[in-house]
Every structure is written in C-alpha cells, then in structure tokens.
Amino acid sequence: MFDGGMTMCFHTVNCPQIIGNISKNRRSRTKLNPCFAVKMCSILLQSDESGNLSESKKISSSYSPQVKPQAQNSLLSQANTVGIIGGVSVLSTLIFLEKLVWWSSRKGEESVPFVVCSDPSIDGALASQASIHSSFDETAQNEANHEAIVRNLRHKRVFLEQSGASCIVMPCHISNAWHQQISEGCSLPFFHIGECVAKELKEAKLKPHGTGSNVRIGVLAATETIAAASYQDQLGNQGFEVVLPDKATMEHILIPAIESLNKRDTEGARNLLRIAIQVLLIRAVNVVILASDELQNILPREDPLLKKCMDPMDALARSTIKWAKTGKQGMQKNTC
C-alpha cells in the first residue's frame, strides 16, 4: 500500500468504519467509534533523483483542501501536516502510522494530517545495516558505504518538503543514526527519535538507582554500533548514562532471541529477551529502551518487565502529535 512514491493522508469522516489492527501479534479487528473513523486518500507521486516532484496522479479522494499561500504547488494545505520518511520495513512504518492516527484522534478530534514516502528499494539497504549476522568486516563496509543511503533519504526529505509537509519524522532506528546529515539544509522542524526519548525521560525526573550520580538508561538493539547511536548522544546530552549490553549478552542472549523469533520460537525469544532486560536492570538502569523493531511485541502486554521498558516510536509519535496539536508550526528544526 505504501510502495515507492505512494503517499497517504487520513482525514476523519462521520461514518462508521472497521480498521484492522496491524501489529504483528495483535490480529483482532477493532470497530471504532464513528468519530474516530478515518477515510483514506491516496495520491500517487513521482519524484526524480533530486527529490523534485513531477506530475502527480490522484487515485481517490473526497477531500479538496484550500491551498496555503506559501505552498501553492504543495499537495497538502494544513499547517500541521507531518512528513514521514518510511523505515526499514513497510510494517514498521504502518505501526507508527497506527499510533499517530489513533492517538491523535482518540478524543474525537481530527487525526493529524500526514504524507508518507515509503520506498521499498531502500529497505534492503537499511536492513543490511541492521543485520545481526554481519561480520566485523561487513559491518565496517556497511558503515563506509552509507553515503548512498543518506543521499536517498535526503532526497525523500526534500520530496516531503515539496509535498506540503510542515515537519519531518523518521520512524526508523537506523535512519536516525544519520539524522544530522539527512536534515542538513532542512528548513522544517525535523524530529530526532533519540531526542524525543531523552526529553520524555528528562521530564519524568527519574532518580538514579544505587550509588551513582547519573540516571542510567539501558539500550537494547539488534546492532549495537548503528541503532544504539541514535540514542547515545541524545541521552548523554540530557545527562543520562547509557548502558549497552556487553559482547557476551549480545552473542549468547540478544541475537539468539531474535533468531528464535525468526524461527517462530516465540517462547524461546521471550525467555531470552527477559534475560537480556534483566541483565541491564541488574546494572542499575532505570529504563530499558527497546531500540529494534524485532524486539517489539515479543513480550506479552501483561509482562511486568515491560513496565521497565520503553518503545522509542511511542515517544516519537507523542512528540509529533504534541507539535501538531499545540500550534508549534513555527518552531525550528530538530525540536521535540
């Protein structure tokens, strides 16, 4: 549904509608209150290599917005339109959209308008950066050759700016490691997922465990070097001490947990993930950030360990909705 060049925007309508839950382990269908129902408007867009918009073809729509004076050629007119650069997988992007739409409209308000650029051609490149099976040499090569990925993502950012977006987000742990390069030259607020997480944790006024003077935050990621980088600097800037799993935990617990999940051994994956979380909690961390899509939804909702964990996409969605709902459209970039 979100193939390359396809963008989606949602607007509330006063008619009942059924929307299926798209989370991996939650397959029940939920009937929404009519005021929460959303109608989908699809517009097929094409962009050239530089990210410029070419002629667009409207597929289906019942919505004709008034054009903003400052964006006569833009697709969308709302001053709070969110531009979303798709993540490693279409599914992870959809899960973020589920949160964005549901949380922004659950009080009967109109959902946040957004435009998405999801390109399957880059999914493989991003996934290779996050591969848990990469050797040291392969990881070094991946890091050395990330310029092409950054260039592609920067083109998508320009594409969204020209589509009428008023802020940019990337619901992707890997992409945010290159946030500074991708956001270079961007005139719009461009949210960094690590900054959103750090700000929420700072506002929680956590107290350090043990004898340390700094609050310790654990980070679990499929790839320690890349995904964790999205959070280390931002958490450090807020005075937090970042704790990562040691090599033994990565090799004998966390990576086998993901491998078990891929083999559909859910119980094995759960037990190993619980151990990985406990290892960090023993090291006096206050919160464990689950910084990989693979680690989400492994544990059942009622698992008490989840009270000690944080999904970064939740923080990104909350920050985005707050920006869109509180009229902060004049804010500078990189602000949560």
Side-chain angles (χ1 to χ4, degrees), residues 7 9-10 76 78-88 92-104 111-118 126 149-150 153-204 217 219 221 226-238 240 289-291 293 296 310-336:
T7 65
C9 56
F10 287 71
L76 302 177
Q78 296 92 325
N80 63 340
T81 298
V82 178
I84 302 170
I85 300 176
V88 170
S92 64
T93 303
L94 286 171
I95 292 173
F96 175 79
L97 291 177
E98 180 188 38
K99 295 175 180 179
L100 188 70
V101 172
W102 174 249
W103 292 352
S104 65
S111 63
V112 170
F114 60 85
V115 57
V116 181
C117 185
S118 182
L126 284 171
I149 297 176
V150 171
L153 293 172
R154 191 183 293 124
H155 290 162
K156 288 173 172 53
R157 187 212 81 206
V158 174
F159 175 87
L160 290 171
E161 289 179 278
Q162 295 179 342
S163 298
S166 297
C167 82
I168 306 292
V169 299
M170 291 189 299
C172 176
H173 305 285
I174 305 298
S175 299
N176 275 270
W178 306 305
H179 181 279
Q180 183 175 357
Q181 297 160 275
I182 298 167
S183 64
E184 184 177 350
C186 182
S187 60
L188 303 177
F190 195 147
F191 296 108
H192 189 297
I193 192 170
E195 185 179 358
C196 295
V197 167
K199 183 178 179 181
E200 282 200 1
L201 292 174
K202 190 71 173 181
E203 292 173 348
I217 305 297
V219 178
I226 299 177
S230 299
Y231 304 94
Q232 283 182 286
D233 291 343
Q234 298 296 332
L235 289 168
N237 291 340
Q238 293 290 345
F240 295 110
I289 297 172
L290 301 180
D293 292 333
Q296 302 301 330
M310 182 177 188
D311 182 352
M313 297 303 167
D314 291 353
L316 181 62
R318 284 189 289 263
S319 294
T320 304
I321 293 169
K322 182 178 180 181
W323 173 88
K325 295 289 188 181
T326 57
K328 295 183 179 181
Q329 289 74 43
M331 294 167 56
Q332 295 299 313
K333 65 178 183 178
N334 303 347
T335 303
C336 281

[X] [atom1] to [Y] [atom2] distance, which is reported to the nearest 0.5 Å:
X      : Y      : atom1 : atom2 : answer
Trp103 : Glu98  : CH2   : CD    : 9.0 Å
Cys172 : Ile193 : SG    : CD1   : 8.5 Å
Ser183 : Ile168 : OG    : CD1   : 10.5 Å
Trp178 : Ile149 : CH2   : CD1   : 4.5 Å

Any Lys/Arg nitrogen of Glu161 or Arg157 sitting under 4.0 Å from an Asp/Glu carboxylate oxygen of the other? yes
Nearest heavy-atom pair of [X] and [Y]: which atoms, and what distance?
X      : Y      : result
Ser319 : Phe191 : O-CZ, 4.4 Å
Thr93  : Gly86  : OG1-CA, 3.5 Å
Ala165 : Val82  : CB-C, 4.3 Å
Ile84  : Pro171 : CG2-CD, 3.7 Å
Tyr231 : Gly194 : CD2-CA, 3.7 Å
Val115 : Ser163 : CG2-CB, 4.3 Å

Are the side chains of [X] and [Y] in touch, meaning some heavy atoms are under 4.5 Å apart?
X      : Y      : answer
Lys199 : Gln234 : no
Phe96  : Ser92  : no
Ile182 : Met170 : yes
Leu201 : Met310 : yes
Pro113 : Asn80  : yes
Cys117 : Ile85  : no

Going by the angle between their ring planes, with limits at 30° and 60°, are Phe190 and His179 parallel, tilted or perpendicular? perpendicular
Check the surroundings of atom CD in Gln181: do more than 12 heavy atoms from other residues, nucleotides or ligands lie under 6.0 Å from it? yes
Identify, with sequence neighbours excluded, every residue that meets side-chain contact (heavy atoms from CB on, under 4.5 Å) alongside Ser104. Ser111, Val112, Ile321, Lys325
Holding to side-chain contact (heavy atoms from CB on, under 4.5 Å), I want the full list of residues that pass it with Gln238, two or more places apart in sequence or in another chain. Ala198, Lys202, Phe240
Partners of Arg318 by salt bridge (Lys or Arg N to Asp or Glu O under 4.0 Å), sequence neighbours excluded? Glu200
Report the residues that fulfil salt bridge (Lys or Arg N to Asp or Glu O under 4.0 Å) with Asp314, sequence neighbours left out, ordered by chain and then residue number. Lys99
Looking at Ser166, is its backbone amide N or carbonyl O close enough to the side chain of Thr81 to form a donor-acceptor pair, meaning the two atoms are under 3.5 Å apart? no
Checking Leu100, Asp311, Val169, Asn176 against Leu316 for side chain to side chain contact (heavy atoms under 4.5 Å, CB included), the one that qualifies is Val169
